[in-house]
Amino acid sequence: MGNRHTLHFTAGPEHIDELGHVNNAVWVRWIQDIATAHWNAVARPEDRESYVWMVTRHEIDYRGNVAEGETVTAETFIPSPPRGARFDRRVDFRNADGKVVVSANTTWAMIDKATGRPLRIRPETAAPFRPYG
């Protein structure tokens, strides 16, 4: 199934802060980018049409960084079943040596596009993201 999803990100000059590394706001954007790509790659078409996701929490550990021109490989997965309207998501960014330089645990709430309200995640919506962990 579609439990794990991988993308590559290359640090461009627009991603670099005054310390010469990728800015923390960029890491957050990349977390969102891979989460969205994962949803779009494996969710059922009717779910992509009906729902959108909103972040309710980010927990990010910075263990290193990358400089301009360097590429990281991001991998995301859903570590456990949904709880109500929420899914937790893990994202790890590895440098060229395979070392995790940034890792994140994020919580996302599923929102009904028609009403703008959170909805309980049904088993058929969660199914493409199994197995958990």
Side-chain angles (χ1 to χ4, degrees):
M1 295 291 251
N3 183 271
R4 293 182 182 266
H5 192 76
T6 303
L7 284 179
H8 303 283
F9 295 95
T10 301
E14 70 278 13
H15 303 129
I16 305 302
D17 63 18
E18 59 275 0
L19 298 174
H21 299 118
V22 171
N23 184 278
N24 64 334
V26 174
W27 292 108
V28 171
R29 184 167 5 113
W30 289 350
I31 291 164
Q32 181 173 318
D33 290 349
I34 193 170
T36 301
H38 189 198
W39 171 253
N40 289 331
V42 303
R44 300 177 317 155
E46 58 269 32
D47 291 336
R48 288 193 311 268
E49 289 293 319
S50 299
Y51 311 123
V52 66
W53 293 88
M54 178 183 82
V55 172
T56 62
R57 183 170 192 267
H58 281 303
E59 180 181 346
I60 304 172
D61 293 312
Y62 298 96
R63 298 183 178 100
N65 216 316
V66 295
E68 184 178 342
E70 294 180 330
T71 298
V72 289
T73 300
E75 181 182 53
T76 189
F77 61 95
I78 307 299
S80 57
R83 294 174 324 280
R86 294 189 172 135
F87 243 143
D88 287 338
R89 174 177 291 281
R90 173 72 182 224
V91 182
D92 291 318
F93 294 89
R94 296 180 187 279
N95 65 14
D97 296 329
K99 178 186 175 217
V100 174
V101 291
V102 173
S103 62
N105 290 303
T106 62
T107 304
W108 298 75
M110 190 176 78
I111 307 296
D112 184 319
K113 286 182 182 180
T115 66
R117 301 186 76 137
L119 283 178
R120 179 175 297 278
I121 301 166
R122 293 191 302 263
E124 61 271 18
T125 301
F129 299 92
R130 290 185 187 131
Y132 302 114

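The structure displayed is predicted, hence computed values, not measured ones.
Put simply, Leu7 and Trp27 are part of the same group of oily side chains (I, L, V, M, F, W, Y) that touch within less than 4.5 Å, one to the next.
Residues satisfying the salt bridge (Lys or Arg N to Asp or Glu O under 4.0 Å) criterion with Glu18, sequence neighbours excluded, are absent altogether. Residues that satisfy the side chain to side chain contact (heavy atoms under 4.5 Å, CB included) test with Val55, not counting sequence neighbours, are His58, Trp108. Applying the salt bridge (Lys or Arg N to Asp or Glu O under 4.0 Å) criterion to Glu14, with sequence neighbours excluded, gives no partner residue. Asp47 is linked by a side chain to side chain contact (heavy atoms under 4.5 Å, CB included) to Trp39, Arg44, Tyr51, Thr125, counting only residues two or more places apart in sequence or in another chain. In this structure Glu124 satisfies the salt bridge (Lys or Arg N to Asp or Glu O under 4.0 Å) test together with Arg122, sequence neighbours excluded.
Taken from OG in Ser50 to CE in Met110, the straight-line distance is 9.0 Å, to the nearest 0.5 Å. In this structure, CD1 in Ile78 is found 11.5 Å from NE2 in His5, a value given to the nearest 0.5 Å. Here the CD1-CG distance, from Ile60 to Asn24, works out to 7.5 Å after rounding to the nearest 0.5 Å. Atoms CD and OG, on Glu75 and Ser103 in that order, are 12.5 Å from each other to the nearest 0.5 Å.
Contact between Gly12 and Glu68 at its shortest, heavy atoms only, is C-CG, 4.1 Å. Across Ala126 and Tyr132, no two heavy atoms sit closer than the pair CB-OH, 3.3 Å. In terms of heavy atoms, Ile31 sits closest to Ala104 at CD1-CB, 3.5 Å. Across every non-hydrogen atom of Ala67 and Ile16, the tightest pair is C-CD1, 4.0 Å. Closest approach of Val66 to Ala11, counting heavy atoms only: CG2-CB, 4.4 Å. Nearest heavy-atom pair across Asn65 and Val101 is N-CB, 4.0 Å.
Between the side chain of Asp112 and the backbone N or O of Ala114, at least one donor-acceptor pair lies under 3.5 Å. A distance-only check finds a donor-acceptor pair linking the side chain of Asn3 to the backbone of Phe129 [under 3.5 Å]. Using modelled atom types, no side-chain atom of Thr107 and backbone atom of Asp88 make a donor-acceptor pair closer than 3.5 Å. His38 places no side-chain N or O within 3.5 Å of a backbone atom of Ala35 that could act as its donor or acceptor partner. Arg63 places no side-chain N or O within 3.5 Å of a backbone atom of Val100 that could act as its donor or acceptor partner.
Residue Arg89 forms a side chain to side chain donor-acceptor pair (under 3.5 Å) with just one option from Thr76, Thr106, Asn105, and that option is Thr76.
More than 12 heavy atoms of other shown residues, nucleotides or ligands fall within 6.0 angstrom of atom CZ in Arg90.
Counting Ile, Leu, Val, Met, Phe, Trp and Tyr side chains that sit under 4.5 Å apart, directly or through other members, Val52 shares a hydrophobic cluster with Met54, Ile111.
Under a cutoff of 6.0 Å and an axis angle of 45°, Arg4 and Phe77 form a cation-pi pair.
Ring orientation note: the planes of Phe93 and Trp30 are tilted relative to one another, at an angle of 30° to 60°.
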Residue pair Asn95, Glu70: steps toward the side-chain contact (heavy atoms from CB on, under 4.5 Å) verdict: CA-CA 8 Å; Asn95 65 14; Glu70 294 180 330; over 6 Å; no
